[in-house]
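One structure is given here, and the rest of the page talks about it.
Convention: sequence-line order gives letters A, B, ...; per-chain numbering from 1.
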Amino acid sequence: MKAKVGIDERGLRHDGRRPDEMRPVSMRVGVLANASGSAMVEFGKTKVLAAVYGPREPTQRFMVLPEKAILRVRYHMAPFSTAERKNPAPSRREVELSKVIREALEDVIITSEYPRTVIDVFVEVLQADGGTRAAGITAASLALADAGLPMKALVGSVAVGKISGTLVLDVDETEDSAGEADMPVAAAPDLGLITLFQLNGVLTEEEVNRGLSMALKAIEQLVAMQKSVLRQSYEVVEE
Amino acid sequence: MKAKVGIDERGLRHDGRRPDEMRPVSMRVGVLANASGSAMVEFGKTKVLAAVYGPREPTQRFMVLPEKAILRVRYHMAPFSTAERKNPAPSRREVELSKVIREALEDVIITSEYPRTVIDVFVEVLQADGGTRAAGITAASLALADAGLPMKALVGSVAVGKISGTLVLDVDETEDSAGEADMPVAAAPDLGLITLFQLNGVLTEEEVNRGLSMALKAIEQLVAMQKSVLRQSYEVVEE
Amino acid sequence: MKAKVGIDERGLRHDGRRPDEMRPVSMRVGVLANASGSAMVEFGKTKVLAAVYGPREPTQRFMVLPEKAILRVRYHMAPFSTAERKNPAPSRREVELSKVIREALEDVIITSEYPRTVIDVFVEVLQADGGTRAAGITAASLALADAGLPMKALVGSVAVGKISGTLVLDVDETEDSAGEADMPVAAAPDLGLITLFQLNGVLTEEEVNRGLSMALKAIEQLVAMQKSVLRQSYEVVEE
Amino acid sequence: MSVTPFKLPVVPALKRQSYLNLYKRGVREDGRSIRAPRQLEIKVGVLEKAEGSALVRLGNTQVLAGVKVEATSPFKDTPNQGVLVVHAENVPLASPMFEPGPPDENAIELARVIDRSLREVRAVDLEALVLRPGEKVWNVWVDVYVLDHDGNLFDASMLATMAALLSTELPDFEELETGEVVVKRGTKGRRLKVDHSVVTVTTAKVGNYIIVDPNFEEEVISDYRLVLSFDENLRIVGAQKTGSGGMRAEELQEAIKVSKEASQIYFKALEQVRGGGK
Amino acid sequence: MSVTPFKLPVVPALKRQSYLNLYKRGVREDGRSIRAPRQLEIKVGVLEKAEGSALVRLGNTQVLAGVKVEATSPFKDTPNQGVLVVHAENVPLASPMFEPGPPDENAIELARVIDRSLREVRAVDLEALVLRPGEKVWNVWVDVYVLDHDGNLFDASMLATMAALLSTELPDFEELETGEVVVKRGTKGRRLKVDHSVVTVTTAKVGNYIIVDPNFEEEVISDYRLVLSFDENLRIVGAQKTGSGGMRAEELQEAIKVSKEASQIYFKALEQVRGGGK
Amino acid sequence: MSVTPFKLPVVPALKRQSYLNLYKRGVREDGRSIRAPRQLEIKVGVLEKAEGSALVRLGNTQVLAGVKVEATSPFKDTPNQGVLVVHAENVPLASPMFEPGPPDENAIELARVIDRSLREVRAVDLEALVLRPGEKVWNVWVDVYVLDHDGNLFDASMLATMAALLSTELPDFEELETGEVVVKRGTKGRRLKVDHSVVTVTTAKVGNYIIVDPNFEEEVISDYRLVLSFDENLRIVGAQKTGSGGMRAEELQEAIKVSKEASQIYFKALEQVRGGGK
């Protein structure tokens with residue numbers, strides 16, 4: 001089975017992509033009427049919706065900080081998003097991913113402008129085909145901008161994998177389950193900062209560095225796309 | 001099996017009742033010492049106990065409204081009330097029934113007299129033989145009156161079913177599981193208002209209207225009985 | 001199997017102890033850096049760790065008393081403490097034991113000195129070989145003293161069992177599962193007060209009284225040992 | 001416990017009055033009649049990996065329904081029937097009032113009303129869901145996911161449920177020697193057998209008016225809502241009054257007539273799904 | 001976590017003193033002796049559909065116990081024994097202090113003390129509950145439902161449990177070819193075999209007095225309560241000190257004597273149930 | 001939901017500055033280098049009744065790991081492999097910040113990082129855990145119990161996990177005719193087969209410095225921590241940035257080098273466990 005999803009004689013992947021090629025990416029903002037900001041991001045078949053509410057008063061009064069807004073993030077998978085129906089109760093994986101996604105976004109939001117409030121970010125995976133956290137961070141960053149929250153920079157995210165010994169960009173589910181490593185990265189290129197970094201699998205030091213470069217290059221393009229989508233949306237609004 | 005519980009050649013039901021005949025109804029108030037008000041109502045073998053506490057301070061401080069009392073209702077089945085032991089954790093059915101029972105009672109209580117307080121209504125099904133929500137609403141309304149809470153009117157409730165094509169009043173469990181439709185109704189006859197209306201099953205428009213008339217007629221009798229029971233209880237107290 | 005764990009011809013128990021002999025007891029205080037007070041107590045292979053935090057502000061603001069501190073106690077077994085792995089969620093047994101341990105300690109702490117605060121006692125069973133609640137109370141009392149909380153007296157605890165008709169002190173797990181009765185006792189000898197008393201099993205009135213005497217005598221020795229351990233710990237601190 | 005809602009937004013009296021003034025003229029803020037539902041759009045097959053899916057927009061309300069199937073053991077009392085389960089979640093991104101956590105009473109009521117309406121009329125042929133009689137059947141999960149809540153979740157969710165079921169294709173499967181059933185995800189075996197179309201029509205009582213398909217603000221100012229379920233023969237296959245205001249018997253009669261009419265728009269939309277699906 | 005009760009009502013000092021003044025004369029507010037339980041009434045068979053049931057009134061305290069049985073697999077280490085489970089709930093209608101939700105520490109303690117007392121003396125013959133050795137046994141559920149709490153839930157609940165068990169009739173059942181057991185609800189096969197009678201007697205220490213069967217206010221002002229379980233031979237088959245006050249050794253001795261005496265009233269009541277039940 | 005930590009203690013600016021002043025000179029408050037972990041002590045076999053156990057002290061941080069095994073059915077897709085599960089709990093006695101209850105996001109992250117690092121490199125030979133192919137395998141539970149939290153729970157917990165696994169002896173078992181497996185608790189059959197050693201090295205970014213093995217206060221004032229997992233061949237077998245500060249690419253490169261060096265101290269300690277264990 002690994003042979004099938006590896007790199008073929010032409011150097012291409014199971015779906016015809018080059019190793020450093022992302023799946024088709026789609027981004028839309030302002031897709032929900034109620035939310036302060038929202039975005040839908042697709043990486044191939046992976047579809048993720050993000051919505052932002054706030055700054056608003058916390059539901060529990062003690063959950064505030066005197067000098068800045070608190071960020072709350074929920075990463076959640078729809079029951080129909082996976083091959084076998086997912087129980088809607090939060091899994092341990094969803095708990096961990098909510099945490100690392102929150103940390104990937106927290107420092108780019110200028111939360112000091114809204115002390116004693118809460119900013120909620122809801123990330124819903126509608127279809128999971130690999131790279132859901134990366135698409136989710138990309139969507140959440142867009143939704144925060146769409147909500148008009150002051151941000152130091154936009155954040156994009158992508159995962160680098162290793163398949164049959166080759167580093168590849170934006171692994172899909174088929175590749176992920178057959179691959180040797182999965183290294184999700186999120187970054188704010190305008191700040192030169194990596195805001196999420198994880199590795200599941202085995203890599204050498206050299207591979208980590210090379211993989212990181214691949215990811216950062218792709219993230220620059222994602223952020224450029226985010227900016228263009230936001231610009232269009234502002235123009236629509238201004239018209 | 002349906003034949004057995006249908007209507008026989010004399011036009012009678014499996015337990016000898018006519019289609020528009022309720023099971024023997026029993027009502028008692030003031031059956032509990034601690035509660036502000038309480039009532040026990042039996043429709044045949046269905047036995048339901050209701051208790052009211054309040055108006056009192058809410059356990060959670062934020063759970064108040066500035067202009068009126070909040071009503072909290074719990075419909076709950078005792079583990080021994082059903083054929084197979086019922087798990088005491090609230091089922092989805094109990095959650096829904098708590099909601100519709102609350103809504104069936106809410107507008108007859110003059111909650112504006114008790115702002116910033118909570119009124120609790122606990123409905124416990126001790127034995128379930130069909131019609132538990134109807135008996136429960138009838139008991140809860142009595143318990144509210146027994147608690148001396150100001151009410152616009154009393155509420156009674158009964159379900160109409162359809163068995164072998166015939167509309168019948170106050171279906172028991174045997175009829176319910178074999179029947180084609182179950183339509184619970186609650187009403188405050190003195191106000192001319194229906195406060196609960198549900199239909200589970202298939203009926204024509206004409207049957208809905210006819211069934212509703214059957215139910216409203218029976219509810220008038222139930223409310224008359226409620227009044228008589230309350231009157232007796234006041235007299236006892238005054239003596 | 002009962003024969004094996006009974007009393008042999010020399011009058012000794014399965015591990016060579018006399019009926020009124022405890023297992024080797026070990027006590028240490030100040031074993032944790034973060035806690036206000038802490039203690040580790042071993043009765044043979046039974047190992048229990050206790051820690052005290054507070055007096056401190058309650059996490060929930062309403063959980064206070066105006067005239068004294070509130071005591072919160074959690075008795076909990078580590079998943080690896082038992083033969084079959086224990087689910088870490090609190091069992092009904094752990095809920096009951098938390099209650100009786102709290103009640104065994106509550107009145108010896110002079111809680112009136114700290115109104116509107118909470119004192120937390122965490123008892124963790126690291127290895128369970130019978131007598132965990134007794135070792136836990138003994139450890140908790142030490143940890144409270146180690147935290148410098150004002151106490152009327154120290155509390156020690158031990159269980160008396162009945163094996164093949166003989167009353168025995170400090171039953172281990174093997175004896176407990178084969179025995180006819182288990183009677184845990186906690187007491188503050190300096191006050192002449194029994195603070196925990198339970199019986200699981202069948203005893204005559206005479207046996208209860210005789211068993212209680214056995215337990216109280218042993219508890220006197222446990223409390224003497226507690227005092228000596230605390231004295232040494234103070235001396236270390238003062239040096 | 002069910003608790004009086006104490007966090008609903010307040011609709012200013014002036015706004016309420018402007019709504020009523022419009023109703024008097026038979027129309028709504030967005031120009032439609034008091035008897036007409038909002039703009040309706042149904043897209044099916046919006047998810048490639050689910051066995052069935054549909055996205056419904058009813059005005060600004062958006063509901064996504066996804067269907068997943070799994071091989072399971074039948075219930076003991078119905079050994080030769082598959083299982084249909086409807087589950088609804090008020091995902092917190094859909095409304096400032098929704099909070100993360102297990103379904104609350106509103107989501108549970110929503111799912112149960114949909115479930116009952118389908119069940120009573122046998123909308124899905126459960127007998128056609130048997131893999132091995134008495135032992136293995138399909139469990140069909142419909143997950144209703146409210147994405148944007150601008151009122152009338154019942155109608156939008158029922159339409160999404162029906163459209164997702166109509167678009168559902170059952171995967172192939174393989175029986176192992178051990179008797180276990182392995183589902184071949186991604187394959188398309190045959191269509192789910194949907195024998196009846198069911199819709200709900202929700203009316204709300206606001207002031208003295210009975211209006212069809214209330215938006216969120218209209219729900220807030222309404223006395224009660226009445227959810228009526230119909231099959232394609234216009235039999236009433238379910239009903240639920242929701243909200244604490246009292247209803248007069250004649251209001252029920254009027255609501256039935258009004259709802260029957262409005263149901264035609266919903267049925268037409270489902271017909272298009274059914275037609276376009278094959 | 002167990003937390004110091006911080007919501008108990010406050011009994012005024014004057015009220016407390018008036019209780020103590022009465023105790024000095026050996027009596028209680030309602031005229032009974034400090035050594036006597038309140039008026040006791042036991043009704044069995046109050047529920048037609050449960051396998052067994054009993055309603056106990058002890059003064060104003062009311063406890064309902066219901067017995068349900070189901071066919072289940074035995075525990076691995078006791079393949080030839082049925083299962084007896086006692087579960088208690090402090091239903092919120094019984095007291096302003098009870099809240100909806102899973103059993104708290106008091107309800108759990110209550111159920112466990114009853115359960116242990118029955119278990120140790122083998123009150124119910126578990127060997128007589130085998131349907132098919134090693135494979136199917138009766139699981140007997142006793143659900144203790146506190147309806148009105150005016151103190152001494154232990155004694156009232158134990159009496160309700162015993163009376164409900166004594167009134168229990170096991171239903172008939174049928175074995176299917178598949179080995180499954182179908183319970184024929186509503187039938188009455190044979191009586192549950194109850195070999196021993198067990199009662200608890202609760203005393204409370206108030207001031208310098210040991211009083212039997214405290215009401216709720218007496219519980220609140222007591223230092224501690226002592227629950228002693230006895231079988232019909234007056235062996236002590238369980239004990240539980242509850243409440244945080246310390247107990248002197250001689251108080252235990254006195255409590256045992258006092259409780260043995262008082263137990264006779266409870267045993268007599270159970271004898272009547274046993275007699276009347278047959 | 002993941003929430004910005006809002007209860008962390010505040011480290012005074014002066015304290016932070018004094019830390020940074022020391023780092024400038026390459027040292028820490030306790031005299032060690034910014035590149036060195038604290039005093040490390042590993043004791044194995046601290047619990048007689050668990051199949052394996054280890055207590056790790058890393059400065060004032062204390063973590064206890066216990067291993068329990070049970071016979072279970074394998075997963076369907078890996079019928080010839082045992083199961084390894086890592087579970088971590090932040091027991092409330094370990095820190096004023098920990099509260100009773102199910103594991104929070106920090107405990108879950110801790111367990112999952114350890115679990116992934118072991119899994120990817122196949123540290124434990126799962127094929128050697130089969131009792132009866134396709135039917136019964138050992139489930140190996142590692143429970144990580146944090147007893148005293150003074151920072152760097154990752155490294156301490158990974159060391160405790162590895163040491164506990166290295167000390168684990170599988171019990172004997174018996175197969176009944178029914179096919180059931182009875183574990184003979186207390187016996188020592190054979191050692192668990194641990195093929196690889198894995199350690200994590202945690203660095204923290206404080207000011208402009210990358211320091212190894214932060215204590216709790218250093219964690220609080222750090223921008224982020226980076227947890228890198230290595231096997232004995234110094235391959236990177238896992239990574240996790242934790243904390244919300246951003247990381248520069250060159251910091252990652254430096255952290256890898258620094259961590260590789262520091263890992264030697266941890267590997268040496270594990271070697272001693274492995275050597276002493278036999």
Side-chain angles (χ1 to χ4, degrees), chain B residues 58 62-65 68-76 90-108 111 118-122 152-153 155 180-181 183 185-188 191-205 207-209 212-213 216, chain D residues 1-8 10 77 85-88 102-113 115-117 119-122 196 198 223-231 233-253 255-257 259-260:
Chain B
F62 61 88
M63 196 189 274
V64 289
L65 281 172
K68 62 173 184 173
I70 271 182
L71 181 64
R72 301 195 306 173
V73 172
R74 186 173 96 138
Y75 165 94
H76 188 247
S91 66
R92 291 167 63 88
R93 180 179 168 277
E94 284 168 301
V95 170
E96 185 197 343
L97 264 58
S98 295
K99 176 180 187 287
V100 295
I101 295 174
R102 175 179 59 75
E103 293 178 342
L105 297 169
E106 187 129 30
D107 273 17
V108 301
T111 49
V118 167
I119 297 167
D120 283 318
V121 177
F122 301 112
K152 297 181 204 153
V155 176
E180 295 110 59
M183 187 173 84
V185 178
L191 303 174
L193 291 175
I194 300 158
T195 64
L196 175 141
F197 182 75
Q198 296 181 286
L199 167 62
N200 182 20
V202 180
L203 291 180
T204 65
E205 183 173 346
E207 285 169 334
V208 166
N209 289 327
L212 181 63
S213 299
L216 292 176
Chain D
M1 283 183 93
S2 176
V3 181
T4 307
F6 54 93
K7 282 182 172 176
L8 282 179
V10 176
D77 47 345
V85 183
V86 179
H87 184 268
D104 67 358
E105 65 180 28
N106 296 301
I108 287 173
E109 184 187 35
L110 175 61
R112 284 175 58 85
V113 167
D115 188 276
R116 285 200 291 262
S117 305
R119 196 172 300 280
E120 288 304 323
V121 75
R122 291 165 204 258
H196 295 282
V198 176
D223 292 340
Y224 65 84
R225 280 169 287 150
L226 183 66
V227 184
L228 292 169
S229 311
F230 300 97
D231 67 2
N233 300 318
L234 290 188
R235 292 185 304 174
I236 301 172
V237 301
Q240 184 95 342
K241 175 175 131 359
T242 187
S244 56
M247 170 173 78
R248 301 195 170 275
E250 53 275 23
E251 289 165 11
L252 170 64
Q253 283 157 21
I256 293 177
K257 291 196 198 316
S259 299
K260 273 190 179 174

Chain D contact via B/Leu196 - which portion, at a heavy-atom distance below 4.5 Å
backbone

Determine whether D/Tyr224 and D/Ser244 make a side-chain contact, defined as any pair of heavy atoms from C-beta on separated by less than 4.5 Å.
no

Top contributor to chain D contacts, counting heavy-atom pairs under 4.5 Å, from B/Val108, B/Val208, B/Thr204
B/Val208

Select one option (side chain, backbone, both, neither) describing which atoms of D/Ser229 are under 4.5 Å from chain B's heavy atoms.
neither

Of D/Arg116, D/Gln253, D/Lys257, the largest count of non-hydrogen pairs under 4.5 angstrom with chain B goes to D/Arg116

Whether the side chain of D/Lys241 engages the backbone of D/Gly243 through a donor-acceptor N/O pair (distance < 3.5 Å, no angle test) should be reported.
yes

With chain B, the option among D/Leu226, D/Leu228, D/Val237 that has the most non-hydrogen atom pairs under 4.5 Å is D/Val237

Between D/Ile236 and chain B, with a heavy-atom cut-off of 4.5 Å, which part of the residue counts as in contact: side chain, backbone, both or neither?
both

With a 4.5 angstrom heavy-atom cut-off, could you sort out which part of B/Asn200 is near chain D: side chain, backbone, both or neither?
both

Ionic contact status for B/Lys99 with B/Glu103, cut-off 4.0 Å:
yes

So, the part of B/Leu65 with a heavy atom under 4.5 Å from chain D: the answer is side chain

For a 4.5 angstrom cut-off between non-hydrogen side-chain atoms, does B/Ser98 reach B/Arg72?
no

Testing the 3.5 Å rule here: is there a donor-acceptor pair between the side chains of B/Tyr75 and B/Arg102?
no

Under 4.5 Å heavy-atom distance to chain D, tell me which part of B/Val64 shows up: side chain, backbone, both or neither.
backbone

Is it the side chain or the backbone of D/Leu234 that comes within 4.5 Å of chain B heavy atoms, both, or neither?
neither

Side-chain ion pair, B/Glu205 and D/Arg235, N-O less than 4.0 Å
no

Evaluate the criterion side-chain contact (heavy atoms from CB on, under 4.5 Å) for residue pair D/Glu109 and D/Gln240; output intermediate values, then yes/no.
CA-CA 9 Å; D/Glu109 184 187 35; D/Gln240 184 95 342; 2.9 Å; yes

Chain D interface, residue from B/Met183, B/Arg74, B/Glu106 that has the most non-hydrogen pairs under 4.5 Å:
B/Glu106

Kindly indicate whether the side chain of B/Ile194, heavy atoms from C-beta on, has any atom under 4.5 Å from the side chain of B/Leu212.
yes

For chain B, the option from D/Met247, D/Arg119, D/Lys7, D/Lys260 that forms the most heavy-atom pairs under 4.5 Å
D/Met247

Kindly say whether B/Ala104 contributes a backbone atom to a donor-acceptor pair with the side chain of B/Thr195 at under 3.5 angstrom?
yes

B/Leu191, part contacting chain D, at a heavy-atom distance under 4.5 Å
backbone

